[in-house]
Amino acid sequence: MKDQVRVRFAPSPTGGLHIGGVRTILFNYLFAKQNKGKFILRIEDTDQTRFVEGAEDYIFSCLEWCGIKADESPRDGGEYGPYRQSERKPIYRKYAEQLVKSGHAYYAFDTSEELESKRQVTENFRYDHHSRHTLRNSLTIPHEAAESLVKEGAPHVIRIKMPKDENITFTDMIRGDISFHSSEVDDKVLLKADGMPTYHLAVVVDDYLMKITHAFRGEEWLPSAPVHLLLWKYLGWGNEMPQWAHMPLILKPNGNGKLSKRDGEKLGFPVYPINWYDNKRDVKSNGFKDVGFLPEGFINMLAMLGWNDGTDQELFSLEDLIEKFSLDRIHKAGAKFDYDKAKWYNAEWIKRRKTDDLLMPVKDILNYHGIHNIDDGYLAKVIDMVKERCQLLSEFHQQAFFFFEAPEKYDTNSVKPKWTPEKETFFKAFADELQKGKINESAKMESSFKSLASEKNIKVGEVMLPFRIMLVGDKFGPQVFDIAATLGAEETINRINKALEVFVD
RNA sequence: GGCCCGUUCGUCUAGGGGUUAGGACGUUAGAUUUUCAUUCUAGAAACAGGGGUUCGAUUCCCCUACGGGCUACCA
């Protein structure tokens with residue numbers, strides 16, 4: 001029996017979580033659930049200078065909206081905590097020192113400023129096997145001197161000592177065999193001057209301590225994989241290294257680069273799951289939720305960006321995805337984000353959702369636009385009539401407001417040029433009939449409307465559009481008699497009279 | 001620049017030594033809807049280029065081109 005599958009997503013709380021990250025979360029989660037394993041959320045807050053207040057809360061809110069729950073996290077606890085790296089700070093130094101002792105790492109005393117000026121002078125300067133012997137570190141100064149400098153508290157970092165000539169290979173679950181040459185990789189910092197680990201050390205130590213079996217991350221991490229591979233080996237944990245999977249990136253629609261957090265503002269679509277407010281720049285970004293996405297549509301869309309099940313099926317619920325997901329069907333190349341297709345997924349999920357489950361979100365939209373005191377039964381009827389016309393939940397207002405309030409404006413251009421006194425007479429007569437007969441049913445309204453028209457020698461087609469505009473204000477919406485019937489005879493009559501005043505003058 | 005990863009319709013993708021290269025979004029045309037949307041039908045639309053290997057390559061190999069990523073005491 002194999003060990004239990006354990007995967008992790010490890011965001012740094014430096015801002016909003018964008019959809020690339022959410023997709024990595026999703027694939028982690030699907031893989032974990034499919035294998036009856038655990039999904040762990042670990043906060044990688046090792047960069048204290050970039051820490052953003054509220055970012056961690058935001059990550060949890062996104063997860064919640066998506067319907068994804070972590071099995072272990074700073075909030076949910078677990079046996080392998082703490083789950084915030086800042087709270088694990090004392091752990092890392094020990095391993096870094098162990099590497100120094102075994103000769104795989106060394107102390108370096110160069111300051112950031114010194115290195116920065118090196119980079120100015122020497123193009124492509126790197127701290128590596130070529131340059132390390134010319135710099136201030138425990139390889140160039142006597143060992144005892146270096147040790148005592150460290151003891152005295154001199155500012156220093158610990159860097160990995162990359163071997164000079166070694167092939168480093170591994171098998172990626174998505175990409176297959178990948179290899180690097182050690183001479184091309186620089187001596188990455190493992191432990192920073194403030195005592196915090198860098199990502200490179202932290203990810204290895206924590207993945208080991210948290211017994212991670214499969215590690216998913218974006219393709220942008222591929223170049224630093226050799227460092228991680230070596231660290232697993234040097235720390236003596238080679239046999240327990242997780243299997244790696246480097247996911248394809250989500251690219252901008254125009255194909256120039258990976259989708260970034262600022263693209264949402266420029267390109268006119270969301271990049272965050274839910275609203276994110278960046279208080280450093282004072283910019284508020286709408287999330288998918290806020291522009292009217294259902295979590296089902298959002299998740300479905302994300303999953304299909306780089307994965308498919310090999311059939312023509314495109315619509316998957318989270319449960320379907322858990323069942324069908326497989327790593328070997330992940331596409332290797334990056335995917336350009338297509339907002340039109342994203343909306344199409346959402347439209348499909350709006351149509352699929354039970355009316356009862358649409359009540360709350362639609363009510364929120366209507367409330368937001370000042371429509372209150374909505375009756376559930378009435379709203380349900382309305383939703384059934386308009387839901388296939390909405391790609392986004394937010395469109396429910398535009399598509400249904402006239403069921404709740406009379407139109408303020410009329411598309412008079414479609415009515416007035418062809419308006420005649422006969423039509424006025426017709427509508428007055430029709431209103432009378434509704435009044436007398438208390439006609440409230442769609443079919444009855446329609447037959448009454450039609451027979452009255454032929455009685456008055458008016459073509460039905462001539463008065464249908466004006467009638468619609470009386471009720472809706474414009475040329476859209478469901479079957480006009482269905483609207484009238486839903487509104488009821490009384491309200492229909494009111495709207496006829498109100499509109500007549502505008503049409504006739 | 002160096003290293004790594006990638007490349008099938010505009011986009012997301014299926015396929016895989018012999019196929020009319022399939023689907024979806026978008027798009028075009030038509031039908032339905034006395035509005036609009038939905039729905040339905042039809043159409044246009046792709047294997048980056050060059051070399052191999054092979055009886056035969058879009059599929060396998062190499063090169064080139066192009067795209068992307070990384071190149072911090074950031075993740």
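Residue numbering restarts at 1 for every chain, and letters A, B, ... go by the order of the sequence lines. Any value given below was found using the heavy atoms of this structure, including those in side chains, with hydrogens, waters and symmetry copies removed.
The residue A:Gln479 sits close to a base: some heavy atom pair falls under 4.0 Å. Residue contacts shown for A:Asp194 are absent, as no nucleic acid heavy atom lies under 4.0 Å away. If you check every strand for non-hydrogen atoms under 4.0 Å, A:Arg175 touches sugar and phosphate atoms only. Residue contacts shown for A:Ala333 are limited to sugar-phosphate atoms, with no base heavy atom under 4.0 Å away. Across all strands, A:Met464 comes closer than 4.0 Å to base atoms (heavy-atom distances). Residue A:Glu184 is classed as a sugar-phosphate contact, given heavy-atom separations below 4.0 Å to backbone atoms only. Among the heavy atoms of the strands, none lies under 4.0 Å from A:Lys459. Among the atoms of the strands shown, only primed sugar atoms or phosphate atoms (P, OP1, OP2) are found under 4.0 Å from some heavy atom of A:Gly257.
Base pairing of B:C60: its partner is B:G52, meeting the Watson-Crick or G-U wobble criterion (both donor-acceptor distances under 3.5 Å). Under the Watson-Crick and G-U wobble criteria, each requiring two contacts below 3.5 Å, nucleotide B:U39 is paired to B:A31. When both distances must be under 3.5 Å, the Watson-Crick or G-U wobble mate of B:A44 does not exist. Pair assignment for B:G6 gives B:C66, based on Watson-Crick or G-U wobble hydrogen-bonding distances that are each under 3.5 Å.
As rounded to whole Å, 11 Å separates atom P of B:G26 from atom CD of A:Glu314. A straight line from CG of A:Leu251 to C1' of B:C70 spans 15 Å, rounded to a whole angstrom. If you measure from atom CZ of A:Phe180 to atom C1' of B:C4, you get 6 Å, rounded to the nearest angstrom. To the nearest angstrom, C1' of B:U38 lies 11 Å from CD of A:Gln391. In this structure, A:Asn300 atom CG and B:A24 atom P are separated by 16 Å, rounded to whole Å.
Checked against the 6.0 Å centroid criterion, the rings of A:Phe426 and A:Phe449 qualify as a close aromatic pair.
Listed pair A:Asn308 / B:A14 meets the phosphate criterion, a side-chain N or O lying under 4.0 Å from OP1 or OP2. Here A:Arg468 does not reach the OP1 or OP2 of B:U34: none of its side-chain N or O atoms lies under 4.0 Å away. Under 4.0 angstrom from either OP1 or OP2 of B:U38 there lies no side-chain N or O belonging to A:Lys387. Between A:Lys332 and the phosphate of B:G6, there is no side-chain N or O to OP1/OP2 separation shorter than 4.0 Å. Residue A:Lys343 has no polar side-chain atom (N or O) positioned under 4.0 Å from OP1 or OP2 of B:G26. Between A:Arg50 and the phosphate of B:A72, there is no side-chain N or O to OP1/OP2 separation shorter than 4.0 Å. OP1 and OP2 of B:C4 both lie 4.0 Å or more from every side-chain N or O belonging to A:His246. Phosphate contact (OP1/OP2 of B:G69, side-chain N/O of A:Arg217, threshold under 4.0 Å): absent. Checking the phosphate oxygens (OP1, OP2) of B:A72, no side-chain nitrogen or oxygen of A:Lys192 falls inside 4.0 Å. Between A:Thr46 and the phosphate of B:A75, there is a side-chain N or O to OP1/OP2 separation shorter than 4.0 Å.
Taking the C1' atom of each, B:C63 and B:U53 are spaced 15 Å apart, rounded to whole Å. Spacing between B:U8 and B:G68 at atom P, rounded to whole Å, works out to 14 Å. Here the separation of B:G43 from B:A24, taken at their P atoms, is 13 Å to the nearest Å. Rounded to the nearest Å, the gap between the P atom of B:U58 and that of B:C47 is 10 Å.
Inspection of the A:Tyr199 and A:Asp47 side chains reveals no N or O donor paired with an N or O acceptor under 3.5 Å. Looking only at atom types and distance, the side chain of A:Arg262 has no donor-acceptor partner in the side chain of A:His18 under 3.5 Å away.
Atom NZ of A:Lys164 has 12 or fewer heavy atoms from other residues, nucleotides or ligands within 6.0 Å. For A:Lys261, the NZ atom is densely surrounded, since the number of other residues' heavy atoms within 6.0 Å is greater than 12.
The one candidate from A:Trp349, A:Trp307, A:Tyr345 that meets the ring-ring contact (aromatic ring centres under 6.0 Å, His included) condition with A:Phe316 is A:Trp307.
One finds a salt bridge joining A:Arg353 and A:Glu296 here, because a Lys/Arg side-chain nitrogen approaches an Asp/Glu carboxylate oxygen to under 4.0 Å.
For A:Lys188 against B:A72, a side-chain-to-base donor-acceptor contact under 3.5 Å is absent.
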